[in-house]
Structures are given as C-alpha cells and as structure tokens.
2 protein chains.
Amino acid sequence: MVAAGADLADEIGFAALTMGGLAERLGVRTPSLYKHVAGQEDLNRRIAALALDEARHTIGAAIQGRAGRDALRAAARALRDFVLTHPGRYAATIGLDLSSPDDPVALAAARSLEPFSAVLRGYDIAPGDATHALRALRSIFHGFATIEAGGGFQWGTSTDESFDWLVDLVDLGLRARPTQQSEPPSPAPTAHRGAPS
Amino acid sequence: MVAAGADLADEIGFAALTMGGLAERLGVRTPSLYKHVAGQEDLNRRIAALALDEARHTIGAAIQGRAGRDALRAAARALRDFVLTHPGRYAATIGLDLSSPDDPVALAAARSLEPFSAVLRGYDIAPGDATHALRALRSIFHGFATIEAGGGFQWGTSTDESFDWLVDLVDLGLRARPTQQSEPPSPAPTAHRGAPS
DNA sequence: ACACATCGGCTAACCATGATAGCTTTTGGC
DNA sequence: GCCAAAAGCTATCATGGTTAGCCGATGTGT
C-alpha cells in the first residue's frame with residue numbers, strides 16, 4: 001500500500017498525494033487506509049523510508065566494481081536517475097524530522113549515505129574531513145537533482161552536459177585538495193557503519 | 001501584506017502558511033485577504049518573488065569589491081545566511097512554475113542568478129561553459145543551504161566548517177579545470193543581463 | 001461444528017482550510 | 001458633504017484528513 005502511494009506520488013507529485021487519491025487508486029474508501037497507516041504523516045514517512053532504501057540499493061549497485069572518478073560519476077548518475085524517475089518518492093525524503101535517532105526513517109536516511117561514503121574512499125580525504133566531504137557530495141547532487149526534477153533549469157542548454165560538468169568539477173576539487181601526509185597510524189575507517197552526516 | 005506572509009512563513013514554516021493564519025496575524029478575516037491577492041497560489045508566488053529579489057540584493061551587496069575566491073565565499077555565505085534566517089521565504093522559491101517567461105516570478109528567478117554570474121567572472125571559465133558553471137554553483141549552494149535549513153545534517157560536526165570546506169572544494173574545482181587558451185576574440189560577457197540557467 | 005478474535009472494509013460525522021458571493025464600511029479626493 | 005474605490009465583513013460551500021462505530025470474511029482453537 002505504501003508502494004502504491006509512492007507510485008501515485010511519482011505520477012502526480014508528492015505534494016498532490018492525498019489520502020482520498022490513494023484510496024481511489026486502490027479502489028477503496030478513504031477511512032479504510034487508516035487500518036494500514038496511522039495517517040498522512042505516517043504514510044509520507046513510510047514512502048520516504050522506502051525511497052531512501054531504494055535509492056541506497058540502486059546507487060550501491062551502480063558503484064560496484066568502480067572507484068575514483070568512475071564511482072563518483074556512477075553514484076551521481078544513479079541518484080539523478082532515481083530522482084528523475086521517482087520524483088514523488090524522492091520529494092518525500094526532503095525535510096524529514098530525524099530527531100528520533102532510532103526511528104526507521106532516520107536509520108534509512110543514515111544508511112542512504114553509505115554509497116557516497118564508499119565513493120569517497122576512492123579519494124585521498126583526511127579522516128577529519130570525511131564528514132565534510134560526505135556532506136558536500138550530498139549537498140551537491142541533491143541540489144542538482146532536485147532543481148532539475150523541479151524544472152528549475154530553463155534555457156536550452158543540455159542538463160546532461162551540465163551534470164557531467166558538475167561531476168568533473170567535484171572530481172577535480174576532491175583531487176586538487178592538499179593531500180594528507182602518507183597513511184595515518186590508525187586503521188582506515190571501516191565500512192561497517194555508514195556515517196550519518 | 002505579502003511581506004507579512006513572508007515573515008509568518010519564516011516563523012512557522014512555509015508549508016504551514018495558511019490564508020487563515022495570515023489573516024489572524026493581520027487582525028482581519030480570511031476573505032479580506034482576497035482583496036489583495038488572488039488566493040494562496042498567488043500569495044505563494046508573491047512571497048517567492050519577494051524572496052528572490054531580497055536574496056539577489058543581499059548576495060549582490062556581499063560580493064561588492066570582491067573577486068575570485070573571496071567573492072565566491074561571500075556569495076555562498078550570503079545565500080546560506082539568507083536561507084537560514086528566512087527559511088519560509090526561501091522555501092517559497094522551490095519548485096516554482098517558471099513556464100511563462102515574462103511572468104514576474106520567472107523574471108525574478110532569472111535575475112536572482114546575477115550575483116553568481118558575477119562571481120564566475122572571477123574564474124577562467126570558457127564561454128561555452130558559463131551555463132554549466134552557473135548551474136553548478138546554484139545546485140551546490142542551494143543543496144547545502146536547504147539541507148541545513150531542513151535540519152538534514154545530523155551529528156555534531158560543525159556545519160560552519162563543512163560549509164567552508166565546500167566553498168574551498170568548489171574554488172579548487174573551478175581553478176583545477178583545464179584553462180581556456182588565452183583571451184577569446186569576442187568581448188568579455190557583460191553584466192547587463194543575468195543568464196537564466 | 002461452533003465461538004470468537006482479527007482483519008479489512010464500510011457509513012456517518014466532524015473539523016480545518018481555501019474559496020466565492022454579496023453586502024457594508026472606510027477613506028480620500030473633489 | 002458626496003461619491004467612488006478600497007477594504008472589510010458574514011454566510012456559505014467544497015475538499016481533505018480524521019475518528020467512531022459497525023459489519024462481513026477468514027481462520028483457529030476447542
């Protein structure tokens with residue numbers, strides 16, 4: 001049922017998703033939905049959790065076997081494709097209340113950054129800068145994808161080209177940064193936990 | 001009245017802005033508002049236009065007398081400050097319908113990019129890449145500011161530091177890009193019109 | 001076979017909000 | 001003081017989220 005809501009949101013826009021609309025889509029009366037979700041807020045959060053997990057899996061699959069700029073490119077493209085093909089789902093993930101750290105949505109949000117964390121392992125980032133770098137990647141590609149999905153880029157210039165240009169910009173910036181001196185004594189950060197940013 | 005709506009949106013969040021709430025704030029009954037705006041949609045767009053103009057002026061003032069990285073930093077900080085101090089106004093500017101090119105909101109949106117266009121004149125960007133670079137700056141700082149304003153950055157790590165790190169990343173990326181060969185024969189792009197992206 | 005708990009649906013009703021119609025009051029120029 | 005425009009009001013309606021309380025189907029333990 002949450003999946004049906006997510007599909008409907010992708011079709012008509014997340015802001016236009018109503019309990020009545022979803023009930024109609026399911027061939028059911030509105031109050032029946034309350035046997036499955038606690039209300040619209042609950043529905044929205046479940047769609048968000050679904051979207052975050054789907055995005056993580058898709059992006060994770062896209063970077064398999066890649067590293068460095070290839071991985072960055074693949075991850076960024078996978079995110080962009082996800083947002084363009086599932087704008088409603090993705091919109092559900094914006095502006096969530098994440099204050100309860102063990103809430104399923106907050107966990108999904110934290111885990112959704114794992115692929116980007118993996119991408120950063122292909123660059124020479126000082127351990128103390130890991131959070132900054134992760135926040136940077138997230139901001140950058142979230143920003144592009146949401147503006148593009150919202151029709152914010154006017155003009156004829158190809159957004160595909162702009163996107164590739166942006167990926168190159170980020171790759172160059174990550175490399176141009178003064179490299180950290182040799183290997184730190186402590187073991188490299190392991191992957192057992194995606195760092196929430 | 002639009003300004004009162006913008007202030008209220010900053011206080012309670014743009015999504016929570018209602019005609020009834022604004023009427024109460026103004027000490028007036030709801031239908032009276034319809035003598036001034038055509039409806040909620042119209043109110044939202046007017047708030048968006050106000051916000052875009054205010055942001056443009058604030059960012060424009062911040063980059064006066066600066067160039068290169070200083071200008072980039074100043075512009076990015078001014079945008080971030082604007083979003084953090086006026087989250088409701090800024091949220092009104094997201095996802096606007098810009099399909100009518102001579103609509104006041106579309107004009108304000110196009111003009112709002114002028115300061116970033118000016119910042120880019122401090123870098124050696126090939127003319128054909130101007131739109132890409134402008135879209136990049138917009139995506140990057142929009143992304144960071146909206147995620148931060150929405151409480152999306154968890155953890156204790158300072159968002160101030162992350163922001164400065166991001167600005168450096170962009171500056172380095174813009175400089176590391178293979179430089180265009182010498183001066184183009186045509187005159188440098190003038191400032192008389194901000195390029196909508 | 002039967003009692004019954006559970007699940008998932010229903011109708012009816014309520015409340016908040018956006019919107020419109022039509023009337024009244026305020027106000028400012030003459 | 002007159003009058004038209006500006007700005008307010010009450011009354012009313014539609015939509016959408018939500019709750020309460022009821023009903024039928026299903027499946028299980030005795």
Side-chain angles (χ1 to χ4, degrees), chain A residues 1-51 86-100 103-105 150, chain B residues 1-51 86-100 103-105 150:
Chain A
M1 192 205 102
V2 171
D7 290 345
L8 184 55
D10 286 338
E11 292 171 27
I12 65 176
F14 178 65
L17 178 65
T18 67
M19 297 294 281
L22 177 54
E24 189 176 4
R25 158 72 57 110
L26 293 170
V28 131
R29 302 294 183 143
T30 308
S32 306
L33 300 181
Y34 289 79
K35 291 288 160 75
H36 302 271
V37 296
Q40 179 136 62
E41 182 62 30
D42 183 44
L43 173 66
N44 291 348
R45 291 180 72 83
R46 285 177 199 238
I47 292 175
L50 174 69
H86 302 295
R89 279 164 156 78
Y90 190 77
T93 69
I94 296 176
L96 290 168
D97 175 16
L98 304 176
S99 47
S100 325
D103 155 290
V105 180
Chain B
M1 192 205 104
V2 171
D7 290 345
L8 184 56
D10 287 339
E11 292 171 27
I12 66 176
F14 177 66
L17 178 66
T18 67
M19 298 295 281
L22 177 56
E24 188 177 3
R25 157 73 57 110
L26 292 171
V28 128
R29 302 294 182 140
T30 307
S32 306
L33 300 182
Y34 289 79
K35 290 290 160 73
H36 302 271
V37 296
Q40 179 134 62
E41 182 61 29
D42 182 43
L43 173 66
N44 292 348
R45 289 180 74 85
R46 285 178 200 237
I47 292 174
L50 174 69
H86 302 295
R89 280 164 154 79
Y90 190 76
T93 69
I94 296 177
L96 291 168
D97 176 15
L98 304 176
S99 48
S100 326
D103 156 289
V105 180

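Below, chain A is the first sequence line, B the second, and so on; all start at residue 1.
Side-chain atoms of A:Arg29 lie closest to C:dC10 of the nucleotides C:dC10, C:dG18, D:dG17. Relative to the side chain of B:Tyr34, the nucleotides C:dC10, C:dG18, D:dC9 differ in distance, and C:dG18 lies closest. Considering only side-chain atoms of B:Lys35, the nucleotide from C:dT20, D:dA7, C:dG9 that sits closest is D:dA7.
Residues A:Leu43 and A:His36 are not in side-chain contact: their nearest non-hydrogen atoms beyond the backbone lie 4.5 Å or more apart. Side-chain contact check for A:Arg46 versus A:Asp42: some heavy-atom pair is nearer than 4.5 Å. Residues B:His86 and B:Asp7 fail the side-chain proximity criterion, which asks for heavy atoms closer than 4.5 Å. With contacts defined as side-chain heavy-atom distances shorter than 4.5 Å, the pair B:Arg25/B:Glu11 qualifies.
Between the CG atom of B:Leu22 and the P atom of D:dA7 there is a distance of 15 Å, rounded to whole Å. Note: CG (A:Leu33) to P (C:dG9) measures 8 Å, nearest angstrom. If you take CE of A:Met1 and P of C:dC7, they are 16 Å apart, rounded to a whole angstrom.
Looking at A:Asn44, its side chain never comes within 3.5 Å of a backbone N or O of A:Ala92 through a donor-acceptor pair. Proximity of a side-chain donor or acceptor of B:Arg45 to a complementary backbone N or O of B:Asp97 within less than 3.5 Å is detected.
Residues of residues 6-20 of chain A having a heavy atom closer than 4.0 Å to DNA chain D, listed by number: A:Thr18, A:Met19, A:Gly20.
Within the 4.0 Å cut-off from OP1 or OP2 of D:dG8, at least one side-chain nitrogen or oxygen of B:His36 is found.
Contacts of B:Thr30 with the nucleic acid, taken as non-hydrogen atoms under 4.0 Å apart, are absent.
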